[in-house]
Amino acid sequence: MSVVLNFKSHLSELFAQALREVAPDHAGATVLIERPKQASHGDYACNLAMQLAKPLRRPPRDIAKALIAALPESDVIEKLEIAGAGFINVFITTAAKQHVVHGVLQAGAGYGHVHVGGGRKVGVEFVSANPTGPLHVGHGRGAAVGDCLCNVLHAAGWNVTREFYYNDAGVQIDNLTHSVRLRCLGVTPDDPSWPETGYRGDYIADIAQAYLAQESVEADDQHVKASGDVNDAEAIRHFAVAYLRREQDLDLRAFGVNFDVFALESALYTDGKVEETVSKLIASGHTYQQDDALWLRTTDFGDDKDRVMRKSDGSYTYFVPDVAYHLDKWRRGFTRVINEQGADHHSTITRVRAGLQALDVGIPQGWPDYVLHQMVTVLRNGQEVKISKRAGSYVTLRDLIDEVGCDATRYFLAARHPDSQLVFDIDLAKSKSNDNPVYYIQYAHARISAVLALWGGERQALLQAEVGLLDSEYETTLLQKLIDYPQVIENAAQDLAPHLIAFYLKELAADLHSYYNASRFLVDDEGIKRARLALVAAVAQVIRNGLGLLGVSAPEKM
RNA sequence: GCGCCCGUAGCUCAGCUGGAUAGAGUAUUGGUUUCCGAAACCAAGGGUCGUGGGUUCGACUCCCGCCGGGCGCACCA
């Protein structure tokens with residue numbers, strides 16, 4: 001007999017079979033197997049009987065009885081109970097659960113991986129900060145959520161490409177160029193002549209200084225040497241963009257985030273992709289000329305007003321290259337694309353999707369997917385740190401990494417549902433104490449590592465452990481938690497909700513700590529010792545795997 | 001005014017395609033170390049799930065109204 005570890009899908013099949021027998025006319029009903037909150041309700045529960053009560057016009061408990069009678073035999077089932085209004089509670093044998101220990105130890109880093117993605121391609125675009133300044137906390141959240149999402153999707157069987165798109169053309173870059181040039185000329189933001197749209201941060205002065213010193217910069221495979229010519233706006237633009245991209249890239253690397261593709265807006269122009277998109281849109285018949293501008297009738301596709309494509313000065317609005325960029329993604333074979341952005345860019349969604357629909361090239365409605373994260377407020381000493389972009393003062397990602405460390409920063413930024421606003425408490429993230437969940441999880445891993453080190457045996461030996469000896473309440477709780485892990489990955493991938501990983505790990509760590517405090521592992525009985533060590537080694541493995549998804553380290557000592 | 005997101009314990013937040021007595025951390029209070037790491041554990045208190053309706057066997061979850069907070073509503077991105 002093959003070892004069953006995915007009890008949920010196993011039970012789902014069994015109940016589907018019973019359903020076909022009991023109610024053949026309703027064989028299409030969804031068989032929902034869930035984990036009850038309360039242990040007394042069993043390990044899994046099925047609500048099928050209650051769902052069928054109405055269509056079958058029979059009392060749910062009657063149907064439950066019939067379903068149980070028709071349920072195929074399975075040696076993982078300890079017992080079945082009818083409870084409440086008609087729930088069928090399933091208790092799994094401890095013996096069946098114990099297999100998970102070897103399952104984890106054998107699969108190692110691969111434990112928890114599922115194949116729902118089926119190897120399909122998915123392009124995930126995230127951060128995509130414009131090269132007009134350093135990355136701030138908001139970008140940090142995008143980086144943490146996006147990267148973790150990529151890890152989760154990969155673990156769920158998707159073929160993931162990480163992509164970063166940046167605007168190196170357009171009005172904001174002109175403002176950047178102009179700001180740097182003014183700084184080169186010795187004008188400061190305090191000067192009355194400093195333009196309203198100018199960038200005021202000190203980093204502008206750094207760029208100006210580097211430019212005048214004719215420094216060289218490497219960024220995104222580009223090598224840019226500053227000419228130092230204050231009157232060469234094109235040279236300044238090139239240099240400033242490369243300089244800031246390099247800074248951002250250093251921050252991202254320090255944050256453990258790496259991209260497969262960097263896409264430049266300017267390339268969409270030089271490749272002719274923007275022009276091609278415009279021609280296609282005009283040919284589609286969804287455009288019109290008005291007030292010296294070219295408009296796209298996005299209202300044909302659900303937008304609340306039409307949008308300008310080509311401004312009266314002849315240049316394009318940002319959304320045209322955006323559409324061109326997404327057309328390019330589509331052509332590169334990404335039948336699935338997920339864009340992770342700040343919620344402040346929410347308004348682009350309808351526009352981009354409308355543009356893609358107008359192209360009429362077979363892109364499905366609602367493509368691409370979006371994950372929007374809400375704003376981040378930073379707390380220091382219990383006080384909100386005000387962010388003023390105009391004054392050029394804000395909490396940079398670099399500040400956070402330097403001050404609270406990469407692990408805690410990533411954890412805090414990824415551990416919340418993207419939809420909810422996030423309060424980043426610097427003091428809490430920094431605290432190396434019991435109120436910091438990052439260390440709580442890492443500590444569980446370090447504790448296990450310490451025990452295994454003290455034992456000093458070969459890890460291989462644990463593969464032969466008699467897991468049948470693991471039957472205390474603490475142990476079965478941990479076994480079930482380990483069994484749950486692949487389902488957590490599946491849910492996180494399904495809902496595009498990486499924070500679920502963080503919550504799962506906190507629970508797993510809590511169960512481990514309880515077990516640890518209540519038990520001894522290095523006992524005289526060799527069999528019991530090995531069994532327990534095998535269990536905690538498996539827990540450590542899953543903590544490592546989960547923290548890996550979050551991009552957080554799993555230290556052996558701390 | 002319109003659109004999107006949020007409102008759950010004092011604070012920070014979970015709550016899986018509607019499921020059984022709503023959870024965790026923190027804070028507060030009281031316990032636990034001759035023993036593998038106490039950055040830990042155990043226990044107690046703390047809630048009309050913003051609010052009013054609706055849908056049904058069943059609603060924190062779905063629908064509508066209202067209240068409150070955030071974000072967006074450019075020929076900026």
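So you know, we letter chains A, B, ... as the sequences are listed, proteins then strands, and number each from 1.
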Rounded distance in Å between the [atom1] positions of [N] and [M]:
| N | M | atom1 | value |
| --- | --- | --- | --- |
| B:U21 | B:C2 | C1' | 43 Å |
| B:G54 | B:U61 | P | 14 Å |
| B:A9 | B:G23 | P | 14 Å |
| B:G10 | B:C49 | P | 13 Å |
| B:C35 | B:U28 | P | 28 Å |
| B:G3 | B:C11 | P | 31 Å |
| B:G68 | B:U51 | C1' | 10 Å |
| B:U56 | B:C16 | P | 22 Å |

Looking across every strand, which nucleic acid part, if any, lies under 4.0 Å from [X] by heavy atom: base, sugar-phosphate, or nothing?
| X | answer |
| --- | --- |
| A:Arg35 | base |
| A:Ala444 | nothing |
| A:Asp303 | nothing |
| A:Ala343 | sugar-phosphate |
| A:Lys54 | sugar-phosphate |

Quick one: classify the glycosidic conformation of B:U33 as syn or anti, with syn meaning within 90° of 0.
-> syn

Are the aromatic rings of A:Phe301 and A:His286 close, with centres under 6.0 Å apart?
-> yes

Verify whether the ring centers belonging to A:Phe126 and A:Phe164 lie closer than 6.0 Å.
-> no

Detail all sub-3.5 Å separations between protein N/O atoms and N/O atoms belonging to nucleotides 3-5 of chain B.
unit_1, atom_1, unit_2, atom_2, d
B:C5, O2', A:Gln374, NE2, 3.4
B:C5, O2', A:Asp419, O, 2.6

Would you say A:Tyr443 reaches B:A39's phosphate, i.e. side-chain N/O to OP1/OP2 under 4.0 Å?
->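 Answer is yes, contact under 4.0 Å.
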
Answer yes or no: does a side-chain N or O of A:Lys37 lie under 4.0 Å from OP1 or OP2 of B:A22?
->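 No, because none of the side-chain N or O atoms of A:Lys37 sits under 4.0 Å from OP1 or OP2 of B:A22.
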
Tell me which of A:His41 and A:Asp291 sits closer to the 5' end of RNA chain B, going by the nucleotide each one is nearest to.
->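 Upstream on the strand: A:His41.
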
Toward the 5' end of RNA chain B, which comes first, A:Ala446 or A:Tyr44, by nearest nucleotide?
-> A:Tyr44

Could you check A:Val376, A:Leu379, A:Thr377, A:Val385 and say which one makes a side chain to side chain contact (heavy atoms under 4.5 Å, CB included) with A:Phe424?
->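 Single side chain to side chain contact (heavy atoms under 4.5 Å, CB included) partner of A:Phe424 among A:Val376, A:Leu379, A:Thr377, A:Val385: A:Val376.
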
Kindly point out which of [options] is positioned nearest to the side chain of [X]?
| X | options | answer |
| --- | --- | --- |
| A:Gln38 | B:A39, B:A77, B:A20 | B:A20 |
| A:Ser347 | B:G72, B:A20, B:C76 | B:G72 |
| A:Asp344 | B:A39, B:A74, B:C71 | B:C71 |
| A:Asn47 | B:G37, B:G19, B:G15 | B:G19 |
| A:Met558 | B:A20, B:G37, B:A77 | B:G37 |

Let me know the distance between [atom1] of [X] and [atom2] of [N], rounded to the nearest Å.
| X | N | atom1 | atom2 | result |
| --- | --- | --- | --- | --- |
| A:Arg447 | B:C35 | CZ | C1' | 13 Å |
| A:Tyr440 | B:U26 | OH | P | 8 Å |
| A:Tyr411 | B:C13 | OH | C1' | 10 Å |
| A:Glu265 | B:C76 | CD | P | 12 Å |
| A:Lys305 | B:G72 | NZ | P | 14 Å |
| A:Ile33 | B:G19 | CD1 | C1' | 13 Å |
| A:Asp425 | B:C13 | CG | P | 10 Å |
| A:Leu296 | B:A74 | CG | C1' | 16 Å |

Close residues, residues 511-524 of chain A, relative to RNA chain B [heavy-atom separation under 4.0 Å] =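 Going residue by residue through residues 511-524 of chain A, the ones with a heavy atom under 4.0 Å of RNA chain B turn out to be A:His513, A:Ser514, A:Tyr516, A:Asn517, A:Ser519, A:Arg520, A:Phe521, A:Leu522.
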
Going by number, which of residues 493-506 of chain A have a non-hydrogen atom under 4.0 Å from RNA chain B?
-> A:His499, A:Leu500, A:Phe503

Which pairs with one or both residues in residues 512-541 of chain A pass ring pair (Phe, Tyr, Trp, His ring centres under 6.0 Å), sequence neighbours excluded?
->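 Listed once each, the pairs are A:Tyr440-A:His513, A:Tyr443-A:His513, A:Tyr515-A:Phe521, A:Tyr516-A:Phe521.
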
Do A:Ser553 and A:Asp407 have side-chain atoms, one donor and one acceptor, less than 3.5 Å apart?
-> yes

Can you find a side-chain donor-acceptor pair between A:Asp292 and A:Ser312 that sits under 3.5 Å?
-> no

Taking the side chain from A:Asp425 and the backbone from A:Asp427, do they hold a donor-acceptor pair closer than 3.5 Å?
-> yes

If you look only at pairs with a residue in residues 126-145 of chain A, which of them pass as a salt bridge (charged side-chain N to carboxylate O under 4.0 Å, His left out), with sequence neighbours excluded?
->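 The answer is none; no pair qualifies.
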
Measure the SG-CG distance between A:Cys46 and A:Leu67 for me, rounded to the nearest 0.5 Å.
-> 7.0 Å

Regarding A:Arg245 and the six-membered ring of A:Tyr166, is the cationic atom NZ or CZ under 6.0 Å from the ring centre and inside 45° of its axis?
-> yes

Kindly confirm or rule out a cation-pi arrangement of A:Arg35 over A:Tyr44, judged by NZ or CZ under 6.0 Å from the six-membered ring centre and within 45° of its axis?
-> yes

base_contact_polar (B:A77 base, A:Asn175 side chain, donor-acceptor, <3.5 Å) |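 Side chain to base: no pair present.
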
Pairing annotation in dot-bracket form, given for RNA chain B with Watson-Crick or G-U pairs under 3.5 Å and | for cross-strand partners | (((((((..((((.....[...)))).(((((.......))))).....(((((..]....))))))))))))....

